[in-house]
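Chain letters run A, B, ... following the sequence lines, proteins first, then strands; residues in each count from 1.
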There are 2 protein chains.
Amino acid sequence: MTISSPRPLEQRIADTRARFDADMDAWVATAGAGGPALVPLSFDWDGKTFVISTLPRSVTARNMAENGRVRLAFGPTRDVVVVDGVAELVPAGEVDAVADAYAAHTDWDPRRESEEYAWYRVTPRRIQAWREADELRGRDVMKDGAWLG
Amino acid sequence: MTISSPRPLEQRIADTRARFDADMDAWVATAGAGGPALVPLSFDWDGKTFVISTLPRSVTARNMAENGRVRLAFGPTRDVVVVDGVAELVPAGEVDAVADAYAAHTDWDPRRESEEYAWYRVTPRRIQAWREADELRGRDVMKDGAWLG
């Protein structure tokens, strides 16, 4: 599983983008007055931002409403991508288009649930990608919202 | 992968304990003034508490020093165990015994690194275990520090 030499930046960016396209779930960490929240949520990636959906009364939703700060983690613990991003509620007029794309990617349509879900767009500001200790150096692949490659 | 009927409590507890014994890494979420932190860390489980180790200057260490609140996640996103716990610094006199057990379980001994690592004991207060949506009900397997089974 371990590759002997650290991947160069371009490879990390390509692997990261491929994971965003292929994966269905991410770990979503938020912070509020009650401490850290952390749950797995399905996501859709449109090439620039992530869309996630959760119940408005969930701790995650309340934390995002409070401060908008989100950290997402993808992949197994030895092939990691982590994203620091800013969450915003998707405006009501955009929900249907966003939800269609989300359902196509995740095979789950929250609009069909009995409770009403809220929709959030997460814009990445920083992205890091590493496998094991030898890749900790050079793990930044996006800073200040811009890919480094 | 999906089992058609939700696992009963006793099975969830057994699966959860088996995962704590077998797994090497967990996702560690903490919260501080800067928002949420989330990193994968190796852990050791002694049957009652988790031991983790990180650099004292890391955001995770600073958050734990600030408020002691930790949320740990184990497993893939569709066979989840999450733990809300309280982190405390391991007293200096106990570090060697704790570090020996940690190194035996994780195959990594932070005492051999050039930088000095800090050691934390995380005591679980609440544990939840679920696979897919049909298992969200009944996901509590520990409350107030006591196994429910």
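In this structure the side chain of B:V39 never reaches within 4.5 angstrom of the side chain of A:Q128, judged on heavy atoms. Side chains of A:L38 and B:L38 form a contact here, defined as non-hydrogen atoms less than 4.5 Å apart. Looking at B:P40 and A:W130, their side chains come closer than 4.5 Å, going by heavy atoms from C-beta outward.
In this structure, the separation between CH2 on B:W108 and CD on A:E132 is 11.5 Å, given to the nearest 0.5 Å.
Under a hydrophobic-cluster definition in which Ile, Leu, Val, Met, Phe, Trp and Tyr are linked whenever side-chain heavy atoms come within less than 4.5 Å, directly or via other members, A:Y102 and A:L55 are assigned to the same cluster. Tracing side-chain contacts under 4.5 Å through hydrophobic residues (I, L, V, M, F, W, Y), one never reaches B:W45 starting from B:W27; they form parts of separate clusters. Cluster annotation: A:V90 is not connected to A:I52 through the hydrophobic network of ILVMFWY side chains, with a link wherever side-chain heavy atoms come within less than 4.5 Å. Side-chain heavy atoms closer than 4.5 Å link hydrophobic residues (I, L, V, M, F, W, Y) into clusters, and following such links, even through other members, never connects B:L136 to B:M142. In this structure, A:V70 is not a member of the same hydrophobic cluster as A:V51, with clusters built from ILVMFWY side-chain heavy atoms closer than 4.5 Å.
With a 4.5 angstrom heavy-atom cutoff, A:T77 touches chain B via backbone and side-chain atoms both.
The candidate from B:V80, B:D84, B:N67 with the greatest count of non-hydrogen atom pairs under 4.5 Å with chain A is B:V80. Heavy-atom pairs under 4.5 Å with chain B peak, among A:G32, A:A73, A:S42, A:A37, at A:A73.
Taking all atoms of both residues into account, the shortest heavy-atom contact from A:A31 to B:P36 is CB-N, 3.6 Å.
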